[in-house]
Number of protein chains: 2
Amino acid sequence: MRILALCAMGECDMNENVLDYDTVAFDEEKQAIRIIDQTLLPNEIRLITLQSQPEIWEAIQTLRVRGAPAIGITAAFGLYLAALPLRQLPVQAFLDALQQAKGYLSSARPTAVNLGWALHRMEQAAQRAISAGTAAAVTAMHDEAAEILQEDIRVCRQLGENGLTLVKPGWGLLTHCNAGQLATARYGTATAPMYLGAEKGYGFHVYCDETRPLLQGARLTAFELSSAGIDTTLLCDNMAASLMKSGKIQAVFVGCDRVAANGDTANKIGTLGVAVLAKHYGIPFYVVAPSSTVDLQTPTGDEIPIEQRSPDEICEMWYAARMAPAGIHAMNPAFDVTDAALITAIVTEFGIARPPYSQSLQEIILKKGRARQ
Amino acid sequence: MRILALCAMGECDMNENVLDYDTVAFDEEKQAIRIIDQTLLPNEIRLITLQSQPEIWEAIQTLRVRGAPAIGITAAFGLYLAALPLRQLPVQAFLDALQQAKGYLSSARPTAVNLGWALHRMEQAAQRAISAGTAAAVTAMHDEAAEILQEDIRVCRQLGENGLTLVKPGWGLLTHCNAGQLATARYGTATAPMYLGAEKGYGFHVYCDETRPLLQGARLTAFELSSAGIDTTLLCDNMAASLMKSGKIQAVFVGCDRVAANGDTANKIGTLGVAVLAKHYGIPFYVVAPSSTVDLQTPTGDEIPIEQRSPDEICEMWYAARMAPAGIHAMNPAFDVTDAALITAIVTEFGIARPPYSQSLQEIILKKGRARQ
């Protein structure tokens, strides 16, 4: 892992804008993935390059790069980098080694479907080209990863356009965790309507849940939205109820890590609670989901595996001292599943799915299939 | 502020039990209030004494002592200490100075009704005795403060007995913030059924919301319950929804800072959200309220003043580095109001109030009046 740029806030240009950098990019000259190390935000904008497979795995696992789409892009270039030194192998050995590398990268995090989805696309690209030899397969993989990145930018822009049809200028919008530019190649998913609205002068008031335990809302979302000049207010997760009760929130926008065929949606821990609150207060709750996160193979949320992380993230991480007694039991699920019944609509790049989702999501996937033809 | 005892966890007796110390006590020899400095928990159990008025005000304001009942006890002894040097004054000057001291102490925190309630009781005790002179008034104030403390212990025990009638052995119980022994003289309010249940071998599984931003659930509740050998699990506030969905919670118990005449209840920020979730999942939501927190003079929750605290508590307090971008707006209400309609019952020492609260709370206060006669 090499550090490319180092800028401690306050020590260099205070106008440093996190949006000036790509969340994830591929450095063609160095043949390496370049990411913003998100574990250091908002205190330091540090760009790092990832080249070896353990570096890439570690960056995904420890959330240096996070957010379902950004994980997908990183994994895609990661598998390309894994394939590069395998070019000299015979075809079957190449494919076997690729399969192994795919298994390794996909083990970095279990919940986000994009990780598996991107790796699957990469493998298919290799297999389509393999009749022309392993070198052709590797080139095809490079191009597929680059396409996944470019697609993400186009998709997020379209998510923003579609999401914008659901809101009015001046609205108060609540979001949870970071489904922002820092989770994607550009625009974000849940934040895409906010960025596009800002371009059009919509004057939104955006409220960001800080999102314990890893504080993605405070460290990332509040950071990137305020960097973009959007009126942004930070709150602790447990303040959302009184905020909604006060009438300041007209809509909730969240991202997602996986949408099951029935519309049940896995997203960052705490999303379910926000959805229940929104239902109680009659506030529309929108999930912004690139179609790549729709997983028709998973019938309901019950079948989505939920990553359990270390209690240390709750008891001591970030803190100057321990904040819980030594030896205390702590639960730390990274995600929860929001029941389809709590979701007003699921915004995809192919349109807005409404209940019943078992039908509307299939239609979205059909549209997607037709768009590919 | 003098330090009486210092015990950094890990540096001295590791069996150090926070419950071995009184949350708040009066040192007759030194004529000083002795408290556990709760801002240092769970890393250090430090007893400090408070003597001057600014020391007492600061300890309440910065939450060295917190929890409505413990604040009331501290303020009561605080007003006695204010009165001590005033003994030589003529009666009217004594009463005027006392009035001023009362105003000063009551300004430390605005939401908890116990602060004003305890100071009012102290003033009444002084006025009842003032015909016998200022020295007699000061003695009466001493005895009144001691009685407020002893009453708190009796009341909390009775809250526990009454709360215990609402639960069954083996239940999973969720609590928010610290309405524990550390918020009272003994037993706590919301925790009283847990402690009494533990005495009777009920085998509860207690889940503690960490309670951002000041982490009273992690630092205090998880600490005191696990110290007492109760099976305790810590969670981030935003995990309560998935915990309830999993079926592990059979009842919620929370404390309160003020109950309005219609049953609306102010308690630590986040309580409202827990109540909405409990309603959604069909889980009974109990407020445990000493009758001193019932304020029939406040018609509804809309009239309860909500303390706004510094954004620093969200953005940087406790942390090794800032966790939110510099200059970000942050809301930080210390409390929220849970609508009466979300509350299954309000447990007092004079019985369990059920909806409609406008009637049942009046009956509780009538019972209280009769008990005093």
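None of the values given here were measured: they were computed from a predicted structure. In what follows, chains carry the letters A, B, and so on, assigned in the order in which the sequence lines appear, proteins first and then strands, with residues in each chain numbered from 1.
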Using a cut-off of under 4.5 Å on heavy-atom pairs, state which of [options] scores highest against chain B.
options                                : value
A:Arg219, A:Met239, A:His176           : A:Met239
A:Ala275, A:Ala241, A:Cys315           : A:Ala241
A:Leu215, A:Leu277, A:Leu272, A:Ile269 : A:Ile269
A:Cys208, A:Cys236, A:Gly273           : A:Cys236

Options [options], ranked by heavy-atom pairs under 4.5 Å with chain A, top entry:
options                      : value
B:Gly270, B:Pro325, B:Ser242 : B:Pro325
B:Thr271, B:Leu235, B:Thr232 : B:Thr232
B:Asp209, B:Thr211, B:Leu243 : B:Leu243

>> Show, in sequence, the C-alpha distance, side-chain angles and deciding distance for A:Tyr21 and A:Gln181, and conclude whether the side-chain hydrogen bond (donor to acceptor under 3.5 Å, both in side chains) test is met.
In response: CA-CA 10 Å; A:Tyr21 302 97; A:Gln181 172 142 334; over 6 Å; no
>> Evaluate B:Lys268 against B:Asp336 for salt bridge (Lys or Arg N to Asp or Glu O under 4.0 Å), listing each step before the verdict.
In response: CA-CA 6 Å; B:Lys268 182 54 55 195; B:Asp336 56 25; over 6 Å; no
Could you tell me whether the side chains of [X] and [Y] share a donor-acceptor contact shorter than 3.5 Å?
X        : Y        : answer
A:Asn267 : A:Thr265 : no
B:Arg66  : B:Gln38  : yes
A:Thr221 : A:Asn178 : yes

>> Does any part of the side chain of A:Val254, heavy atoms only, come nearer than 4.5 Å to the side chain of A:Phe285, both counted from C-beta?
In response: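 Yes, at least one pair of side-chain atoms sits under 4.5 Å.
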Heavy-atom distance under 4.5 Å to chain A: side chain of [X], backbone, both or neither?
X        : value
B:Thr233 : both
B:Val337 : both
B:Asp237 : side chain
B:Leu342 : side chain
B:Lys279 : neither

>> With rounding to the nearest 0.5 angstrom, report the CG to CG distance, A:Leu234 to A:Leu225.
In response: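 Going from CG on A:Leu234 over to CG on A:Leu225, the span is 11.0 Å.
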> So A:Phe253 and A:Tyr286, would you call those rings parallel, tilted or perpendicular, with 30° and 60° as cut-offs?
Replying inline: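 Rings of A:Phe253 and A:Tyr286: tilted, as their planes differ by 30° to 60°.
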> What part of A:Ser226 is in contact with chain B, defined as an atom under 4.5 angstrom from a non-hydrogen atom: side chain, backbone, both or neither?
Replying inline: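 It is the side chain, since no backbone atom gets that close.
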>> Whether the side chain of B:Glu224 engages the backbone of B:Leu182 through a donor-acceptor N/O pair (distance < 3.5 Å, no angle test) should be reported.
In response: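 Yes, because the side chain of B:Glu224 sits within donor-acceptor range (under 3.5 Å) of the backbone of B:Leu182.
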